[in-house]
Amino acid sequence: MVARGAVLTGAVPTATGESGKVREDPWSSGKFWETGSGMAQRSSRPDLRAAGAGLLVVVLLVLLVGDGRMAGKPSGPPNTLEVAWSYVTTGRALDARHVAPALSDEVLAVPVGRSVRVVDTRSGRLLSIVNGFAEETPDLGLSGGVLFLVDTQDRFKDTLRAYDPGTGGELWHRKAAPGPDGKGAGDFAVGGLLLTDWGPVVIDGDRALALEPHTGAVRWNVRLDTRCANPLPYVAVPYSMAATSTRLLLLRHCTGETAELQAVDERDGRSVWRKRLGRGQFVSVSAADGALGVRMDDEFRLLTESGEEVLRQAGTGYPLGGEQGIVYAGVGEKLRAFRADTGKPSWKRARPLTGFAFMNDGLIVEDMSTDGSYSGDSRWSVGDAAGQEPGASTFVDLDGRRTASVPWPVAGTLLGASGELLVVRSEEAKGTRYTGLRPGYRAKDAARPVALGGTEPRHWPDACGLVAAGFLSEIAPDYLALPDEQSRTMHGVRLPHPSVCRFATESGDGSDVFSVTVRWVAPDATAARTYADSAMPWGCTPALGGCVTAGIEEPRSGGAWVYTYRTGLEARPVAHATVVSGRYVLGVAAGEDEPAHRALVRRIALHLSQGGGRAAGWTLQ
């Protein structure tokens, strides 16, 4: 569930473990722009020129404040992400059944087995634990400052349960009502429940009820026309819902009939407007503050919150929001902005082909899919060490200015935003890590590109030089290094050397080919180890093909770790390995998953962990 939505310097507290214990986080360091207030000084002697200059300063300050900007504040969107906190739970989010965590501007609710951990997203501290479920954690969400769970254990009847996030205590519960015909046990799972910013809305028979989040009292209700000439099987109520911060949207759609969209005021349930959409086989509605999206078959329509249509176009799309008379949306492969009053385009920008975008705190945040990251909950192929980088985001301000790719300090999946922070979920060997990332501003420095996390390109070693010539001759006397020239570009930054190198023998048949990849150069050794731990999709997901486990060993060289993989339900070994040596994260991959290839990968990985090609001038530290 994605929530809609002060630059930090020095060390920040990090919460880790189920106890919510806080410790200092070694990741959070870096130099940022500092802003502050200056103090004007006057000379003791009258000076007309000084007075004129002072007047000019005052005028400029007034103009800047009137323009909505503060003197000294960097212009444009943020260009760095630093760790604000990190919280680790036992269990893995993708084991057996995927129950997504819930996120709001204040808290993160994490399903762990038969309980839910509630974390304060301002500090990363554990607030409470909600226990008492018979089996797996039910679906969950946050609404109006309250945690909601849909419990299905009571004789197949859905029960909506409300909990205080601060204490974990139950506030109230409500059982789902049967369908309008009085049949069925009642459920909230299919369109019958919507958790909005201002409280839950449930469909109860032929009415939509807005509930007070802390007490469960009915605030207001809206009568629904539930009769269809050709009702669909297993669909009790022909309605779907969406919401903004001020409106409830009710979409009525019956087969063969004209679909209708109704907007209701969230304060009192008063109908604000209705709009007939036409006939279609597939119709859906989505909403963000200030903008609505309607999908009708293969057509996307973008509407303002007042119901005015500003775009109708074939293909897919989704609303991002509206602000200061401009409506924003993702349309096809573009981010687009339109004037709400005329519908005229304001600007458009290409967007990542995969991942998603959302508006938060006056910015459009894009979730980029990078090689190897499991962005958007799609996870990279098991054990692939050929090209893996941290996840990344880009920021687009409301004028259409976009940053370069800003890498995360961890791999993982972007959950959304909580306040000013982005929250990323990563799986690790002993649990699941949730990381709060604070956008900030770093002084622009061509030598330390944003897209490389501030690491200088010259610190990226030559992948071909990491394997010492003497060691290579021991494996086979006629090995050739084949640099991949395309790998000299990383996140749009030109590197001095290829970051991927293939090695093959002149006399071989291709089965003895192996590759070495410089996957990432982190700011320090701790960040490199954390990234490597989170870059593998640990755990079991039968629907995606099985399990991933890794053997982790620490060679005698110190400061290095070697990860070797086993995959599938049968824990089959794979001819891939990851090496962490100081601040460097390296990948080794060979051909088929045969014993000889796995032995070759292990031998090369141990060689890299012990310093690799020192003779070539590359000392990994």
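Hydrogens, waters and symmetry mates are skipped; everything else that's a heavy atom, side chains included, is used.
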Is the backbone N or O of [Y] less than 3.5 Å from a side-chain atom of [X], with the two atoms forming a donor-acceptor pair by type?
| X | Y | answer |
| --- | --- | --- |
| Glu212 | Thr215 | yes |
| Asp120 | Arg125 | no |
| Asn79 | Arg442 | yes |
| Thr244 | Asp289 | no |
| Tyr87 | Leu108 | no |
| Asp399 | Arg401 | no |
| Arg448 | Gly454 | yes |
| Asp197 | Ser143 | no |
| Thr196 | Gly199 | yes |
| Thr403 | Phe395 | yes |

Roughly how far, to the nearest 0.5 Å, is [atom2] of [Y] from [atom1] of [X]?
| X | Y | atom1 | atom2 | result |
| --- | --- | --- | --- | --- |
| Leu320 | Leu302 | CG | CG | 9.0 Å |
| Arg174 | Thr159 | CZ | OG1 | 11.5 Å |
| Ile129 | Thr167 | CD1 | OG1 | 12.5 Å |
| Arg458 | Leu495 | CZ | CG | 13.5 Å |
| Tyr163 | Leu171 | OH | CG | 9.5 Å |
| Leu335 | Arg402 | CG | CZ | 5.5 Å |

Would you indicate whether the side-chain heavy atoms of [Y] and [X] approach each other to under 4.5 Å?
| X | Y | result |
| --- | --- | --- |
| Pro78 | Leu363 | yes |
| Leu422 | Leu414 | yes |
| Leu398 | Glu323 | yes |
| Thr435 | Trp85 | no |
| Leu415 | Pro101 | yes |
| Val112 | Thr90 | yes |
| His214 | Val146 | yes |
| Leu193 | Val150 | yes |

May I ask you to check whether [X] and [Y] show a side-chain donor-acceptor distance below 3.5 Å?
| X | Y | answer |
| --- | --- | --- |
| Ser393 | Glu366 | no |
| Ser418 | Glu106 | no |
| Thr432 | Arg425 | no |
| Arg117 | Ser115 | yes |

Q | Aromatic Trp172 / basic Arg161 pairing, under 6.0 angstrom, 45° off normal | A |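 Pair Arg161/Trp172 does not count as cation-pi.
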
Compare every heavy atom of [Y] with every heavy atom of [X], then report the nearest pair and how far apart it is.
| X | Y | value |
| --- | --- | --- |
| Ser405 | Ala392 | OG-CB, 3.3 Å |
| Pro461 | Val521 | CD-CG2, 4.3 Å |
| Ser128 | Pro165 | OG-O, 2.6 Å |
| Ala447 | Pro457 | O-CD, 3.3 Å |
| Glu266 | Trp198 | CB-CE2, 3.4 Å |

Q) Hey, is Arg247 close enough to Glu305 for a salt bridge, meaning N to O under 4.0 Å? A) no

Q: Using the six-membered ring wherever Trp is involved, compare the ring planes of Trp460 and Trp520 and label them parallel, tilted or perpendicular (cut-offs 30° and 60°).
A: perpendicular

